[in-house]
Peer 1: 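I'd like to ask some things about the structure below.
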Amino acid sequence: MTTASVSKEDVLDVISNMTVMEIVDLVSAMEEKFGVSAAAAVAAAPVAGAAGDAAEEEAATERTVMLASVGDNKIGVIKVIRAITGLGLKESKEMVEGAPCAVKEGVPVEEAEDLKKQMEEAGATVELK
């Protein structure tokens, strides 16, 4: 399809019918294809000459919080995932059941450590990448 035959509304309609895990996969595929990070869209663009240094610094200061496994307290983990992500109950449950998966990407190290602690207290196994 060309962009002339697909409107933004068409794309949004397709995305709105996807599961959370399908959206996570889509975002990952887009990041890989275009060489960008979804977290980078929020941050200001670095100066052209410092782009390499800024990318290295960002990698050192940001983490991806990965839910490796749920453990015995599935309901507790779902509650924590809801609080962390702002997702609804259904989406949070799908995320937990789809473990291992990325819960949040591009998170500052300190916040990632805090999220890891919250999830582990609920019984989950968490990795920071």
Side-chain angles (χ1 to χ4, degrees):
M1 282 194 245
T2 64
T3 54
S5 64
V6 178
S7 70
K8 288 180 194 176
E9 290 78 24
D10 293 336
V11 173
L12 291 174
D13 285 340
V14 170
I15 292 172
S16 69
N17 292 319
M18 297 173 100
T19 67
V20 173
M21 294 310 299
E22 290 172 331
I23 293 171
V24 169
D25 291 341
L26 174 63
V27 169
S28 296
M30 290 172 66
E31 288 174 338
E32 187 176 312
K33 179 175 178 94
F34 299 112
V36 297
S37 170
V42 177
V47 177
D53 294 337
E56 288 177 22
E57 183 178 318
E58 180 179 315
T61 61
E62 293 185 347
R63 299 288 181 266
T64 297
V65 180
M66 299 288 298
L67 174 62
S69 67
V70 178
D72 295 332
N73 188 10
K74 182 177 176 180
I75 293 172
V77 175
I78 291 171
K79 287 179 181 179
V80 172
I81 295 296
R82 285 187 72 191
I84 289 172
T85 62
L87 294 172
L89 178 60
K90 179 183 177 193
E91 293 83 5
S92 297
K93 182 178 182 257
E94 288 173 351
M95 181 177 280
V96 167
E97 290 174 345
C101 63
V103 175
K104 275 194 143 184
E105 296 180 2
V107 179
V109 174
E110 292 173 4
E111 182 182 348
E113 291 289 342
D114 182 52
L115 297 176
K116 178 181 178 184
K117 180 181 175 187
Q118 291 177 42
M119 292 168 63
E120 286 177 340
E121 286 174 355
T125 303
V126 182
E127 298 174 2
L128 300 180
K129 295 187 177 188

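All heavy atoms count here, side chains included; hydrogens, waters and symmetry mates do not.
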Peer 1: Using residues 79-88 as the side-chain source, report each donor-acceptor pair under 3.5 Å to any protein atom, sequence neighbours left out, with the distance given to one decimal.
Peer 2:
{"residue": "Thr85", "atom": "OG1", "partner": "Ile81", "partner atom": "O", "Å": "2.7"}
{"residue": "Thr85", "atom": "OG1", "partner": "Leu87", "partner atom": "N", "Å": "3.2"}

Peer 1: Hey, are the side chains of Glu111 and Lys104 touching, using non-hydrogen atoms and a 4.5 Å cut-off?
Peer 2: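 Heavy-atom side-chain distance check passes, below 4.5 Å.
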Peer 1: Restricting to non-hydrogen atoms, name the atom on Glu105 and the atom on Ser28 that form the minimum distance, rounded to 0.1 Å.
Peer 2: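 Minimum heavy-atom contact is OE2-OG, 4.3 Å.
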Peer 1: For Ala102 and Met95, work out which heavy atoms get closest and say how close.
Peer 2: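 Residues Ala102 and Met95, closest heavy atoms: O-CE, 3.9 Å.
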Peer 1: Side-chain heavy atoms nearer than 4.5 Å, only ILVMFWY residues, links allowed to pass through others: does that put Met66 and Ile78 together?
Peer 2: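 In one cluster with Met66: Ile78, no.
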Peer 1: In terms of hydrophobic clustering (I, L, V, M, F, W, Y; side-chain heavy atoms under 4.5 Å; direct or indirect links), are Leu89 and Val70 co-clustered?
Peer 2: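 Both belong to a single hydrophobic cluster.
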Peer 1: Determine whether Val103 and Leu115 satisfy the following criterion, side chain to side chain contact (heavy atoms under 4.5 Å, CB included), listing intermediate values before the conclusion.
Peer 2: CA-CA 10 Å; Val103 175; Leu115 297 176; over 6 Å; no
Peer 1: Please table the atom pairs, donor to acceptor, closer than 3.5 Å between any side-chain atom in residues 16-27 and protein atoms at least two apart or in another chain.
Peer 2:
{"residue": "Ser16", "atom": "OG", "partner": "Leu12", "partner atom": "O", "Å": "3.4"}
{"residue": "Ser16", "atom": "OG", "partner": "Asp13", "partner atom": "O", "Å": "2.8"}
{"residue": "Asn17", "atom": "ND2", "partner": "Asp13", "partner atom": "O", "Å": "3.1"}
{"residue": "Thr19", "atom": "OG1", "partner": "Glu22", "partner atom": "N", "Å": "3.2"}
{"residue": "Glu22", "atom": "OE1", "partner": "Thr19", "partner atom": "N", "Å": "2.8"}

Peer 1: Is there a path of hydrophobic side-chain contacts, each under 4.5 Å between heavy atoms of I/L/V/M/F/W/Y residues, joining Leu67 to Leu128?
Peer 2: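 Yes, one cluster joins them.
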Peer 1: At their closest point, which heavy atom of Gly123 faces which heavy atom of Val77, and how far apart are they?
Peer 2: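 Distance-wise, the nearest heavy atoms are C-CG2, 4.3 Å.
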Peer 1: With heavy-atom distances below 4.5 Å as the criterion, would you say the side chains of Glu94 and Lys90 are in contact?
Peer 2: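 Answer yes - side chains close enough.
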Peer 1: Please check if Ile75 and Val96 belong to a single hydrophobic cluster, counting links between Ile, Leu, Val, Met, Phe, Trp and Tyr side chain heavy atoms closer than 4.5 Å.
Peer 2: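 In one cluster: no.
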Peer 1: Taking side chain as C-beta onward, heavy atoms only, is Glu110 less than 4.5 Å from Pro108?
Peer 2: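 Side-chain contact under 4.5 Å: no.
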Peer 1: If a pair satisfies side chain to side chain donor-acceptor pair (under 3.5 Å) and one of its residues is in residues 64-76, list it, with sequence neighbours excluded.
Peer 2: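 Only Ser69-Thr125, Lys74-Glu97 qualify under side chain to side chain donor-acceptor pair (under 3.5 Å).
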